Amino acid sequence: MKKTTGTMTRERYNPKDAEPRWQAAWNDHKLFATKNDDPRPSYYVLEMFPYPSGRIHMGHVRNYTMGDVVARYKRAKGFSVLHPMGWDAFGMPAENAAMQNKVHPKEWTYANIATMRKQLKSMGLSLDWAREFATCDPTYYKHQQRLFLDFLASGLVDRKTAKVNWDPVDMTVLANEQVIDGRGWRSGALVEQRELTQWFLKITDYAESLNSALDHLDRWPEKVRLMQRNWIGRSEGLLVRFAVRGQPGVAAPADIQVYTTRPDTLFGAQFIAVAPDHPLAQALAADNAELAAFAAECRRAGTAQEVIDKAEKKGFDTGLKAVHPFDPAWELPIYVANFVLMDYGTGAIFGCPAHDQRDLDFVRAHGLGVTPVVCPPDVDPATFKIDDTAYDGDGRLINSRFLDGMSIGAAKEEVARRLEAASLGNRPVGERKVNFRLRDWGISRQRYWGCPIPVIHCEACGVVPVPAEQLPVTLPEDVAFDVPGNPLDRHPTWTHVACPTCGGPGRRETDTMDTFVDSSWYFVRFTDPWDAAAPSNPAIAGRRMPVDQYIGGIEHAILHLLYSRFFMRAMRATGHVGLDEPFAGLFTQGMVVHETYRDADGGWVQPADVRIEGSGEGRRAVHAETGAPIEIGSIEKMSKSKRNTVDPDDIIAAYGADTARWFMLSDSPPERDVIWSEEGVQGAYRFVQRLWRLVNDLVEVVAAPQAGAESTLGPESLLLRKATHRALAGVEDDIERLRFNRCVAQIYELANALQAALTGAREADAVPADMGFALREAADVLVQLVAPMMPHLAETCWEQLGHEDLVAETPWPEADRSLLVEDEITLPVQVNGKRRADITIARDADRAAIEAAVLSLDAVRRAVGDAPVKKIIVVPQRIVNVVA
RNA sequence: GCGGUCGUGGCGGAAUGGUAGACGCGCUAGCUUGAGGUGCUAGUUGGGUAACACCAGUGGAGGUUCGAAUCCUCUCGACCGCACCA
């Protein structure tokens, strides 16, 4: 037996030494700088760029590691990979910091960027840093202003007075999407309603396209597509005008228009209801204090107290009557109701209590009747009754005169057809209408740290665009943040400017753009960030776009992704790109979560200060320094408020970037949350050391690469080769599908197989040539499989294996398919569906041979007993089932 | 309320109609090293057995199938999204 002593005395792998060395080597070789004229097929992998908040967090580590695995893998597969990085650098935290710490937003932002760039570089990401930019660079927002002006010229921008969500803490307007439960999404302050003149991007012009194109985004998660579909909220319905019968002394309009998606239920109508803000309600309220009070109450409840009595349906009877469009003798009462929204449809509905739960709740409270008009299948219409639950399922029309017996679809069609033909006051009664829930995108923000909206207000000429040659409109730097509100508004000189048209006195627009604008086209800019003349070069963008794989958090499922999809369409309409969809493939990763810890006083304690003792039932935590008991709380998203964060810098300093990367990819499926734990990190670190030992042991046993021994394989070396190529094919498949946790498992399996073979070889006196070859091959492939995930360790091992080039520039190995098929296969054998035995048989054995072999097995005979064998199911290559 | 996702060992998870628990963490035993937190070997779903055999088992109850973690129905639970959207 060969004596080896090397294992115990060998130096451990030292990431602190190796990682910076390889990062420098990649940099020197310019391996990740992407040339736009590279003729190879393009692959664009992009992770959502970070907000420069100060330091990177574990979520970034996970996000950027996943993208880097794909980038490195695709590079090895021969693609010209575009993998850029930049900074989503405008936004309110910079202004908050300015207010709190008296530091200028620009200074604060660029200092954060410098810190975070250094941190990201320490992760060894294969990024093309030559393309880096920040959205607060004038060289970036100059082009964004140009896009705005082009959109303006194309009619894609609107300026309108609108009721807006006003955040009284941040002193800014919020998009509807940024209001969560009546509160500002950042400040958490109760949102007020205000009338302001605002700039809007007309995203609703593309509502239909944004909705229908979702069907073709087949590399997007179904969940995200569904969320967008719900957000856009397309519905097909009918506008119906009801004649209004007035009352003496009450001013009433001649008719009222409602929107309905259920015109088939028109004969089940019991009432008409309008929103408190509906013109009719407002007109009536002018002469009716009671109604005015009711409307005011509804508006208050709408924003603040809805949680308390949200279920209660309230209405105010106007005394007016509406005439049923199919029966002049049929009158319906008109209510003002708290559950009708002015923002949707026409702000008026007809209520059909039998088939809409809200309407049913309403009539129960107001003593109106219920007439079912849709009867479920297999139910007798004579006995069908509605109790407490409205019926919104399928069925046949009843109690509906000429519609009786029709399906819902046919009845909708029939009603639409008749009402389109009927007329009321020289206009048709009914009009088909596709409606959307989506609203235009208000982009005006009363903030300093954002992209200035490039227009000038002139008393004589009105709104005048800033001429393109005067862009960018840069932010003035001499601003102060000692009072809330927008410093641009009170700037002494910046706002005053000559009107470009008449030369008279003008005033700059002081609103800046929503930062979602900045992130709606940065991925296009990355394709040619050096172009000073235009936002993009359509030819270059056309070659690189769409992004092949976009990776980021699920929290952007609606806003950022929908705005970006709109922007591509708008940029296409203005000639900047030639495609509609920015992201062909989308992946939404899970969060990084961690246990929470509290001390005896209930204060949060950070993981770095906690020591865990014991395990299982006896597992408990104490303070690392004081020894005081610590309560272990629930597992939560890492957040500063709960102090359950782990600093990537600390992890990289203690274990190296590769360990952090490996742990982020192991175990948890990438779309699910991953639990950060000290044990897990240590496990990852042990594998780093193990791989290093394995490679060193191997080069001791097989000193040099072995060639030409493939053809003379013995059974053991063949087994190892099969394991090697199985892992290779498997990892390739799993990276393509972003199943990184399975990649990790397969790499472990290959490492186990290699280790077993190596142990066997070391016990022999001499390693035969075929085994030497197989061991070398396995080690090379193993290192190459590891390379996208732990690139520094892989380079070190690659060097140790005697390669002179970098593994980062080595093509991906090709799996030998002939090694993936077995000559002899082991088939499980079931009797009546229960596994009883297995047989090993030639892969191409015919059915009769398999049946005979199976029936001769003792275990099968025992299980079958005296019962006759009814049939034998043979699934080739998979299983045999004997049915007795 | 509506829509969706998901329930598998002590834990993360694997298996997408064909041997349930790959791989890892943790744990147990032995060996090794050492001050140790390292390394190696074996074991680790429950019941059962000296060991096999065997029995049960993927939240629960039914069903389809030769065969179900996987498909269908109902039900319980967790999480996410949307919400008076006509």
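Bear in mind the structure is a predicted one, so any value in this text is a computation, not a measurement. Numbered from 1 within each chain, the chains take letters A, B, ... in sequence-line order.
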Which of the following nucleotides, [options], is nearest to the side chain of [X]?
X	options	answer
A:Leu341	B:G3, B:C84, B:A14	B:C84
A:Asn741	B:A86, B:C23, B:G13	B:G13
A:Ile879	B:A83, B:A86, B:G18	B:G18
A:Asn881	B:G37, B:C66, B:G3	B:C66
A:Lys223	B:A83, B:G3, B:C80	B:C80
A:Arg358	B:G18, B:G39, B:A86	B:A86
A:Trp231	B:U19, B:A83, B:C66	B:A83
A:Ile675	B:C82, B:G12, B:C25	B:G12
A:Val340	B:C66, B:C82, B:A86	B:A86
A:Phe339	B:C84, B:C80, B:C23	B:C84

Counting just side-chain N and O atoms, does [X] come under 4.0 Å of either OP1 or OP2 of [N]?
X	N	answer
A:Arg672	B:G13	yes
A:Arg234	B:C85	no
A:Gln682	B:G26	no
A:Arg686	B:G26	yes
A:Tyr259	B:A86	no
A:Arg836	B:C55	yes
A:Arg437	B:A83	yes
A:Arg742	B:A15	yes
A:Asn752	B:G24	yes
A:Lys834	B:A56	yes

Within 45 degrees of the axis of the six-membered ring of A:Trp692 and under 6.0 Å from its centre: does A:Arg12 put its NZ or CZ there?
no
If the glycosidic angle sits within 90 degrees of zero it is syn, else anti. Tell me which applies to B:G26.
anti
So which nucleotide does [N] pair with, by the Watson-Crick or G-U wobble rule with both distances under 3.5 Å?
N	answer
B:G17	none
B:A56	B:U45
B:A51	none
B:G81	B:C2
B:G24	B:C11
B:A69	none
B:C40	B:G30

Taking the nucleotide of RNA chain B with the closest heavy atom to each, which residue, A:Gly680 or A:Asp838, is nearer the 5' end?
A:Asp838
So A:His560 and A:His556, would you call those rings parallel, tilted or perpendicular, with 30° and 60° as cut-offs?
perpendicular
Note: A:Asp215-A:Arg225 ion pair, threshold 4.0 Å (strictly below)
no
Do [X] and [Y] pair up side chain to side chain, a donor and an acceptor below 3.5 Å, judged on atom types alone?
X	Y	value
A:Asp440	A:Thr204	yes
A:Asp359	A:Gln270	no
A:Thr261	A:Ser235	no

Separation between the C1' atoms of B:C74 and B:C11, rounded to whole Å:
32 Å
Would you say the side chain of A:Leu280 lies within less than 4.5 Å of the side chain of A:Ile334, judging by non-hydrogen atoms?
yes
